[in-house]
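Within every chain, numbering begins at 1; the chains are lettered A, B, ... in the order of the sequence lines, protein sequences first and strands thereafter.
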Amino acid sequence: MSQEEGRAHRPKRTIMNVFAIFAARVTDALVRLYPSVSQEALARIVVEPPRDAGHGDLSTNAAMLVARPLGRNPREVALALVEHFRADADVAAVEVAGPGFINFRLATPIWHAALRSVAERGGDYGRSDVGRGERVNVEYVSANPTGPMHVGHTRGAVFGDALASLMAFSGYEVTREYYINDAGSQIDTLARSTLLRYREALGESIEIPSGFYPGDYLIPVGRALAGEFGETLRAMPEAEALPLVKDRALAAMMDLIRADLAKLNIHHDVFFSERQLHGPGGDVELTLNWLREQGMVYQGRLEPPKGKTPDEWEDREQTLFRATQYGDDIDRPLVKSNGQYTYFAADIAYHRNKYLRGFNHMVNVLGADHSGYVKRLEAAVNAISHGEAEIDVRICQLVRLMKNGEPFKMSKRSGDLVTLADVVEEVGSDAVRFMLLYRRNDAAMDFDFAVVKEQSRDNPVFYVQYAHARTYSIFRKVAEEMPALDASAAALAEADLSRLASEADLELIRALAQWPRIVASAASAHEPHRVAFYLYELAAAFHGFWAKGNQDVALRFVNADDSKLTLARLALVAAVRQVLVNGLSLLGVSAPEELS
RNA sequence: GACCCCGUAGCUCAGCAGGAUAGAGCGCAGGAUUCCUAAUCCUGAGGCCGCGCGUUCGAAUCGCGCCGGGGUCACCA
């Protein structure tokens, strides 16, 4: 920031985050005026655009926050700040309003400097260091490798992917990770189901018993086994054949899942196998020993849950993790009655593994059916890191699939599951992604095929993409009408931005200037939907500007008789395009040059 | 019985590390194109922010208690 400050009087000044700069100036001023002001109060200061544009460009609550601890009157503090900022060349007007807000109207050149920085930083405009280079592990999808992905997984997949991009853009060193649950009994079921398909491929007529996976997707796996092994597997005892089948079935399922994810342009850095945690000397064993040494494990009994008594409740002594010491509601079993480790035991080991790999920040994206698991995970991470690591578990609520208002079944038990691939094929990756990200992750949502497919105003993705396409059509128009005009990036960089002086111009520039603070706040709050909403608003501002050209020729982007103005407007259009591209790319949505 | 999410315009949802007169889209009523894509724009109507109490200069936002909807609840993953 001081770097940018230092350039205050150079002719080609650029400023990326106006709001951050003024927050710093306000803080500095307060420290100078009131040396005893507390850091705590300063940290809560917000500089943001006021809701009502009539109040100015920027507004801060600084005086109201600081006054009380200083034993002063908010208006008195505000007036002192106002006095201070009258000397600031970037401030055109500053005043106290309401209970002690300070409203700034900024001098036009600072907005032009903000606009210039969009082109200067290009794809990096909005990039920040809020993550300070810290490593974060974002675990998402982690669907069981027993079949293709269904729609239920899609939301978490898209959310996790966008969040990872967002955090990477905001200065975190991000690892995208997928935890393969390949150690449980369902994998045995998968192997048995595949074995049936293998026998089928050899000509047997088979029936899939209930409790097995009936899906057609195992047929090719069975065929491949027949090709590889011929009759050999059939001749073996099942116990011998199953491990061979298991490995191949698993590999096939993961290929399937990776292919599904690729349809949404989702790629992980690490696929972490649960199986590698098990076995003698494995992480689970090591972790349990460690937990025992720490006194975090004991033998004890659990009360059955009230209200809902499980049918086969067996009151027995078991190995428990002291989760309650770390904020959970009850202590959690680590060993099943058959002597195997619980899923949770392996998960503790897995998260300790993450921690030992150097991740002090972890994000897990889970489905709504795991909401009861959150406290347990938090407790585990707290325990294994002695409070040094933090985990944020983001729950993606249910997506109700609809078609013209009619609910769609998507249960895995009933045969008619809707797969992720079906959805992407039907509505396209862009629409799926944007629609899912245009909603907070923790609110349940309806996803109506008919609406999402329709390229209409109901569908925000097309609205935003259309804005992007419009930036191209403007440049096409210029090439046609003003062939002599050099509209290259180099020429735009030299444009006389002072020509962008109308309220409409400044309004659009202010919208662009918001991007850095929006993206930074979205990253630190782990809320990608803020990006989607911002893009919608930016698109609206741009469409609105466009329409003003219909009323007022002076507000058109292309003015054949004023090449200087046209050039400045093109610089503005290029900046809008840049921000749309930056935002859409974080969301994993394409930015087409035209909509067909 | 316990825990987690949600409750804001007719509908779908933003806004919630407290801030000024609570927003958008759809729908409804009306308007805009000799001109860069009308896949757009403009205007209007429409609100006890589920209810109550509390915290304070100030609450849709924070706390407690209700009500309603969804999810979950040893040894599945």
Side-chain angles (χ1 to χ4, degrees), chain A residues 43-44 46 48 50-52 54-55 59 61 64-65 67-68 74 97-101 103 142-144 146 181 183-187 274 301-310 312-316 318 320 328-338 340 342-344 346-347 367-375 393 395 397-398 400 438-446 448 451 455-460 462-463 465-467 469-470 473-478 480-481 524-525 529-530 532-533 536-537 539-540 542-551 553 556-558 573 594-595:
Chain A
R44 293 175 55 215
V46 175
E48 60 187 0
R51 197 176 294 156
D52 183 346
H55 289 136
S59 178
N61 58 357
M64 290 177 289
L65 289 176
R68 174 173 283 269
F101 290 100
N103 294 330
S142 300
N144 290 334
T146 57
N181 300 138
S185 60
Q186 77 215 330
I187 299 301
E274 182 186 350
R301 289 171 191 279
L302 286 177
E303 296 283 313
K306 291 174 181 159
K308 188 211 167 198
T309 333
E312 297 163 24
W313 180 267
E314 176 196 344
D315 187 22
R316 65 179 181 92
Q318 46 189 340
L320 298 168
D328 201 352
D329 303 316
I330 53 168
D331 292 334
R332 302 292 176 176
L334 298 170
V335 182
K336 301 187 214 171
S337 52
N338 66 7
Q340 292 179 335
T342 61
Y343 178 82
F344 180 54
D347 221 12
D369 52 342
H370 286 74
S371 54
Y373 199 69
V374 176
K375 286 189 181 177
V393 183
I395 295 292
Q397 288 296 330
L398 296 180
R400 276 188 302 271
Y438 197 63
R439 213 125 289 191
R440 295 172 50 121
N441 60 290
D442 49 9
M445 66 177 290
D446 292 343
D448 195 311
V451 172
Q455 299 199 357
S456 75
R457 52 235 161 248
D458 253 3
N459 195 340
F462 297 111
Y463 185 84
Q465 287 183 322
Y466 179 44
R470 265 190 160 167
S473 78
I474 290 165
F475 275 81
R476 284 193 295 270
K477 174 78 175 173
V478 156
E480 206 175 285
E481 289 200 358
S524 42
H529 76 274
R530 297 192 193 189
F533 277 92
Y536 188 90
E537 280 168 24
F542 182 59
H543 287 311
F545 193 114
W546 173 293
K548 285 184 184 121
N550 288 332
Q551 314 291 317
V553 181
R556 293 196 186 167
F557 294 109
V558 181
V573 172
E594 36 188 336
L595 303 186

- Mind telling me whether A/Phe533 and A/Tyr438 have parallel, tilted or perpendicular rings, with 30° and 60° as the class edges? parallel

- Message: Rounded to whole Å, please give me the gap between CE in A/Met64 and C1' in B/A17.
- Response: 16 Å

- Message: Any base atoms under 4.0 Å from A/Ala444, or only sugar-phosphate, or nothing? Heavy atoms, all strands.
- Response: sugar-phosphate

- Taking only the side-chain nitrogens and oxygens of A/Arg44, find out if one of them lies under 4.0 Å from OP1 or OP2 of B/A17. no

- Task: Figure out the CD/P separation between A/Glu594 and B/C36, and round it to whole Å.
- Result: 15 Å

- Assert: residue with more 5' nearest nucleotide on RNA chain B, out of A/Ser59 and A/Asn338, is A/Ser59

- Query: Looking at B/A22, does its base get a donor-acceptor pair with the side chain of A/Asp52 below 3.5 Å?
  - Reply: no

- Task: Go through B/C36, B/A20, B/U72 for me and flag the one nearest to the A/Ala97 side chain.
- Result: B/A20

- Message: Taking B/G70 as the reference, what is the distance to B/G50 when you measure between their C1' atoms (whole Å, please)?
- Response: 16 Å

- Query: Which residue lies toward the 5' end of RNA chain B, A/Asp442 or A/Glu481, if each is placed at its nearest nucleotide?
  - Reply: A/Asp442

- Message: Going by purine N1 to pyrimidine N3 plus the second Watson-Crick contact, or the G-U wobble pair, all under 3.5 Å, which nucleotide sits opposite B/G10?
- Response: B/C26

- Between B/A77, B/A14, B/A20, which nucleotide has the shortest distance from any of its atoms to the side chain of A/Arg51? B/A20

- Query: Are there more than 12 heavy atoms of other residues, nucleotides or ligands under 6.0 Å from atom CZ of A/Arg44?
  - Reply: no

- Are A/Arg440 and B/C5 close enough that a side-chain N or O sits under 4.0 Å from OP1 or OP2? no

- Item | Identity of whatever pairs with B/C41 - Watson-Crick or G-U, under 3.5 angstrom | B/G31

- Message: Suppose we define a pair by two distances each less than 3.5 Å, Watson-Crick or G-U wobble; what does B/U21 pair with here?
- Response: none

- About how many Å separate CZ of A/Arg301 and CG of A/Asp315, when rounded to the nearest 0.5 Å? 5.0 Å

- Euclidean distance, atom CG of residue A/Leu65 to atom P of B/U56 [Å, nearest integer]: 16 Å

- Message: Is the phosphate of B/C5 approached by A/Tyr373 (side-chain N or O, under 4.0 Å from OP1 or OP2)?
- Response: no

- Task: For nucleotides B/C62 and B/G68, find the distance between their C1' atoms and express it as a whole number of Å.
- Result: 22 Å

- Inter-nucleotide P distance (B/C11, B/C49), Å rounded: 15 Å

- Which glycosidic conformation, syn or anti, is assigned to B/A24 if syn requires a torsion within 90° of zero? anti

- Query: Counting only Watson-Crick or G-U wobble pairs whose two distances fall under 3.5 Å, which nucleotide matches B/U61?
  - Reply: none

- Query: Roughly, in whole Å, what's the span from CG in A/Asp329 to C1' in B/C4?
  - Reply: 10 Å

- Note on the structure: Looking only at B/A20, B/C75, B/G1, the nucleotide nearest the A/Thr342 side chain is B/C75

- Task: Can you tell me, in whole Å, how much space there is between the C1' of B/A74 and that of B/C64?
- Result: 31 Å

- Could you grab the distance from atom CG of A/Leu334 to atom CD of A/Gln318, nearest 0.5 Å is fine? 9.0 Å

- Side chain of A/His529 - closest among B/A20, B/A39, B/A14: B/A14

- From B/C73, B/G71, B/A20, nucleotide with atom closest to A/Leu398 side chain: B/G71

- Rounded to whole Å, CG of A/Asn550 lies from P of B/A38 at a distance of 8 Å

- Task: Indicate, with a heavy-atom threshold strictly under 4.0 Å, whether A/Gln465 touches base, sugar-phosphate, or nothing.
- Result: nothing

- Query: If pairing requires Watson-Crick or G-U wobble contacts with both distances under 3.5 Å, which nucleotide is the partner of B/C36?
  - Reply: none

- Query: What is the distance, rounded to the nearest whole Å, between atom OH of A/Tyr536 and atom P of B/A24?
  - Reply: 11 Å

- How far does the C1' atom of B/U12 sit from the matching atom of B/G46, given to the nearest Å? 16 Å

- In terms of side-chain heavy atoms of A/Lys477, which of B/C36, B/A20, B/G15 is nearest? B/C36

- Pair assignment for B/U72, Watson-Crick or G-U wobble, requiring both distances under 3.5 Å: B/A2

- Please work out if A/Asp331 contacts a base, only the sugar-phosphate, or nothing of the nucleic acid, heavy-atom cut-off 4.0 Å. nothing

- Message: I need the CE-P distance between A/Met445 and B/G7, as an integer number of Å.
- Response: 15 Å

- Classify the nucleic acid contact of A/Phe533 as base, sugar-phosphate or nothing, counting any heavy atom under 4.0 Å across all strands shown. sugar-phosphate

- Query: Does a side-chain N or O from A/Trp546 land closer than 4.0 Å to OP1 or OP2 of B/A38, or not?
  - Reply: yes

- Query: Looking at CZ of A/Arg440 and CD of A/Gln397, how far apart are the two atoms once the value is rounded to the nearest 0.5 Å?
  - Reply: 10.5 Å

- What is the nucleic acid contact for A/Glu480, judged by heavy atoms within less than 4.0 Å: base, sugar-phosphate only, or nothing? nothing

- What distance, rounded to whole Å, do you find between the two P atoms, one in B/A45 and one in B/A29? 16 Å

- Task: Say whether, by atom type as modelled, one donor and one acceptor occur between the side chain of A/Glu314 and the main chain of A/Ser337 under 3.5 angstrom.
- Result: no

- Message: Tell me whether the ring of A/His55 lies stacked over the B/A20 base, given a 5.5 Å limit on centroids and a 30° limit on the plane angle.
- Response: yes

- Item | Side-chain donor/acceptor of A/Asn61 to backbone N/O of A/Val46, under 3.5 Å | yes

- Item | Nearest-angstrom distance from the residue atom NE2 of A/His543 to C1' of B/G25 | 13 Å

- Query: Expressed as a whole number of Å, how far does the P atom of B/A22 sit from that of B/C26?
  - Reply: 22 Å

- Spell out, as yes or no, whether a donor-acceptor pair under 3.5 Å connects the side chain of A/Asn441 to the backbone of A/Ile395. yes

- Select base, sugar-phosphate, or nothing to describe what A/Pro99 touches, counting heavy atoms under 4.0 Å on all strands. base

- Task: Could you check which nucleotide pairs with B/G47 in any of the strands shown, counting Watson-Crick or G-U wobble with both distances under 3.5 Å?
- Result: none

- Query: Checking all strands, does A/Gln318 fall into the base, sugar-phosphate, or nothing category for heavy-atom contacts under 4.0 angstrom?
  - Reply: base

- Task: Over 60° means perpendicular and under 30° means parallel, so classify the ring planes of A/Phe344 and A/Tyr373, tilted if in between.
- Result: perpendicular

- Task: Measure the spacing between OH of A/Tyr343 and CZ of A/Arg332 and express it to the nearest 0.5 Å.
- Result: 14.5 Å

- Task: Check every strand shown and say whether A/Val558 touches a base, only sugar-phosphate, or nothing at a heavy-atom separation below 4.0 Å.
- Result: base

- Query: How is A/Arg470 classified with respect to the nucleic acid when contacts are heavy atoms under 4.0 Å: base, sugar-phosphate, or nothing?
  - Reply: sugar-phosphate

- Query: If we take the P atom in both B/C16 and B/G63, what is their distance in whole Å?
  - Reply: 15 Å

- Item | Under-4.0 Å side-chain N/O to phosphate OP1/OP2 contact, A/His370 with B/C73 | no

- Nearest to side-chain heavy atoms of A/Pro50, which nucleotide of B/C4, B/A20, B/U40: B/A20

- Item | Touch class at under 4.0 angstrom, heavy-atom based, for A/Lys375 against every strand present | sugar-phosphate

